[in-house]
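Input: a single structure, listed below in structure tokens.
Quick caveat: nothing in here was measured; it's all calculated off a predicted structure.
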Amino acid sequence: MKNHHYKITVHWTGNQGTGTTGYRDYERSHTISAENKVMIEGSSDPAFRGDRTKYNPEEMFLSSLSSCHMLWYLHFCSEAGIIVTDYTDEATGIMGETASGSGHFTEVTLHPTVTVAEECMKEKAEQLHHKANEFCFIANSVNFPVKHIPVLLVKS
């Protein structure tokens with residue numbers, strides 16, 4: 001087994017001068033950075049006193065599943081001679097919150113709209129979503145199935 005190592009820095013930027021003296025006394029703002037990459041501004045979901053103009057961990061989690069699937073899918077299409085000319089995913093997820101305030105995702109559904117170069121490529125292109133799901137590192141790391149509802153179009 002080959003190991004890959006990753007490192008990011010998360011820095012809290014929400015101290016309003018009194019730290020965490022009270023639940024309402026600090027912002028949930030933070031930055032996410034990695035060497036040689038653009039910094040991302042994050043916060044918590046607005047339901048948890050976050051800034052709606054910044055990405056929250058739940059959105060980042062959903063985007064990890066979506067982009068990992070897309071990258072594997074494009075790889076397998078390339079290998080199979082399927083020419084993809086456009087790919088957009090409108091991924092959705094449901095996170096259940098328990099009475100104690102903890103929670104977990106119960107489902108994620110990817111809704112990729114894929115445009116291929118020729119009509120004869122559509123069937124195989126649709127099948128490759130299953131293979132991409134089997135190989136996606138992130139999908140293999142969650143404890144619920146990741147669903148797919150693809151739409152296949154032909155370049156006009």
Side-chain angles (χ1 to χ4, degrees), residues 1-20 23-97 101-117 125 128-153 155:
M1 184 171 178
K2 186 176 184 182
N3 290 321
H4 299 269
H5 299 265
Y6 301 92
K7 180 180 177 184
I8 63 161
T9 301
V10 175
H11 177 74
W12 175 50
T13 59
N15 184 347
Q16 297 182 320
T18 60
T20 58
Y23 183 73
R24 299 181 185 281
D25 296 337
Y26 64 96
E27 290 183 8
R28 277 56 178 176
S29 296
H30 56 278
T31 58
I32 303 165
S33 59
E35 189 175 341
N36 299 317
K37 296 183 182 175
V38 175
M39 185 171 37
I40 298 171
E41 291 189 3
S43 188
S44 61
D45 183 283
F48 308 109
R49 301 191 47 78
D51 182 341
R52 71 179 62 253
T53 67
K54 298 175 182 172
Y55 288 99
N56 62 57
E58 296 80 13
E59 291 168 328
M60 298 294 285
F61 176 70
L62 194 57
S63 69
S64 292
L65 280 164
S66 176
S67 60
C68 184
H69 178 85
M70 178 194 69
L71 293 168
W72 274 110
Y73 179 77
L74 295 174
H75 170 81
F76 291 132
C77 284
S78 175
E79 284 186 339
I82 307 296
I83 301 169
V84 175
T85 60
D86 194 44
Y87 184 110
T88 302
D89 184 13
E90 298 286 337
T92 59
I94 298 173
M95 185 188 75
E97 184 180 353
S102 70
H104 61 275
F105 273 82
T106 57
E107 77 176 58
V108 166
T109 305
L110 305 181
H111 300 270
T113 299
V114 180
T115 304
V116 295
L128 287 174
H129 282 288
H130 300 289
K131 186 173 182 179
N133 187 64
E134 292 172 11
F135 279 76
C136 174
F137 305 135
I138 310 301
N140 285 324
S141 300
V142 299
N143 63 358
F144 56 85
V146 178
K147 302 174 187 173
H148 308 89
I149 304 174
V151 172
L152 274 292
L153 306 172
K155 185 177 178 180

(request) Apply side-chain contact (heavy atoms from CB on, under 4.5 Å) to Asp51 and Glu27, showing your working. (result) CA-CA 8 Å; Asp51 182 341; Glu27 290 183 8; over 6 Å; no

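- Two residues are said to be in side-chain contact when any heavy atoms from C-beta on lie closer than 4.5 Å; His129 and Leu110 fail this criterion.
- Across Gly96 and Thr106, no two heavy atoms sit closer than the pair N-CG2, 4.4 Å.
- Remark: the His130 side chain and the His148 side chain contain no N/O donor-acceptor pair separated by less than 3.5 Å.
- Remark: Glu90 CD is loosely packed, at most 12 non-hydrogen atoms of other residues, nucleotides or ligands lying under 6.0 Å away.
- To the nearest 0.5 angstrom, Leu71 atom CG is 8.5 Å from Tyr87 atom OH.
- Atom CD of Glu35 has 12 or fewer neighbouring heavy atoms from other residues, nucleotides or ligands inside a 6.0 Å radius.
- The side-chain heavy atoms of Met60 and Ile40, taken from C-beta on, include a pair separated by under 4.5 Å.
- Glu134 has its side chain out of reach of Phe76: every pair of non-hydrogen atoms, C-beta onward, lies at least 4.5 Å apart.
- Of all heavy-atom pairs between Asp89 and Ser66, the closest is OD2-OG, 2.7 Å.
- Here Glu41 contributes atom CD and Thr31 contributes atom OG1; the two are 8.0 Å apart, rounded to the nearest 0.5 Å.
- A pairwise comparison of heavy atoms in Ser43 and Gly50 identifies OG-CA, 3.3 Å as the closest pair.
- In this structure a side-chain-to-backbone donor-acceptor pair under 3.5 Å is missing from Ser78 to Leu74.
- Of all heavy-atom pairs spanning Ala34 and Lys7, the tightest one is CB-O, 3.9 Å.
- How far NZ of Lys37 is from CD1 of Ile32: 12.5 Å, rounded to the nearest 0.5 Å.
- Summarising the local packing, CZ of Phe61 is surrounded by more than 12 heavy atoms from other residues, nucleotides or ligands at distances under 6.0 Å.
- Considering only heavy atoms from C-beta on, Trp12 comes within 4.5 Å of Thr20 through its side chain.
- With rounding to the nearest 0.5 Å, the separation of NE2 in His104 from CZ in Phe144 is 9.0 Å.
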(request) Applying side-chain contact (heavy atoms from CB on, under 4.5 Å), run through Asn3 and His5 and close with a yes or a no. (result) CA-CA 7 Å; Asn3 290 321; His5 299 265; 4.0 Å; yes

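- Residues Ser44 and Arg49 approach most closely at OG-C, 3.8 Å, considering heavy atoms.
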(request) Determine, step by step, whether Thr18 and Asp25 satisfy the side-chain hydrogen bond (donor to acceptor under 3.5 Å, both in side chains) criterion, reporting the C-alpha distance in whole Å, the side-chain angles of both residues, the deciding distance to 0.1 Å, and the verdict. (result) CA-CA 7 Å; Thr18 60; Asp25 296 337; 4.8 Å; no

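- Between Glu58 and Phe105, some side-chain heavy-atom pair lies under the 4.5 Å cut-off.
- Annotation: Phe137, atom CZ; neighbour count of heavy atoms from other residues, nucleotides and ligands within 6.0 Å does not exceed 12.
- Between the CD atom of Glu107 and the CD1 atom of Ile94 there is a distance of 3.5 Å, given to the nearest 0.5 Å.
- For the atom pair Met39 CE and His30 NE2, the distance stands at 11.5 Å (nearest 0.5 Å).
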(request) Go through the steps to decide whether Ser29 and Lys54 satisfy the test side-chain contact (heavy atoms from CB on, under 4.5 Å), and finish with yes or no. (result) CA-CA 8 Å; Ser29 296; Lys54 298 175 182 172; 3.0 Å; yes

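- Ring geometry, Tyr26 versus Tyr23: the interplanar angle exceeds 60°, so the pair is classed perpendicular (tilted spans 30 to 60°).
- The aromatic rings of His69 and Tyr73 lie parallel to each other, with less than 30° between the two planes, well short of the 60° mark.
- When all heavy atoms of Asn140 and Asn133 are compared, the closest pair comes out as OD1-O, 4.2 Å.
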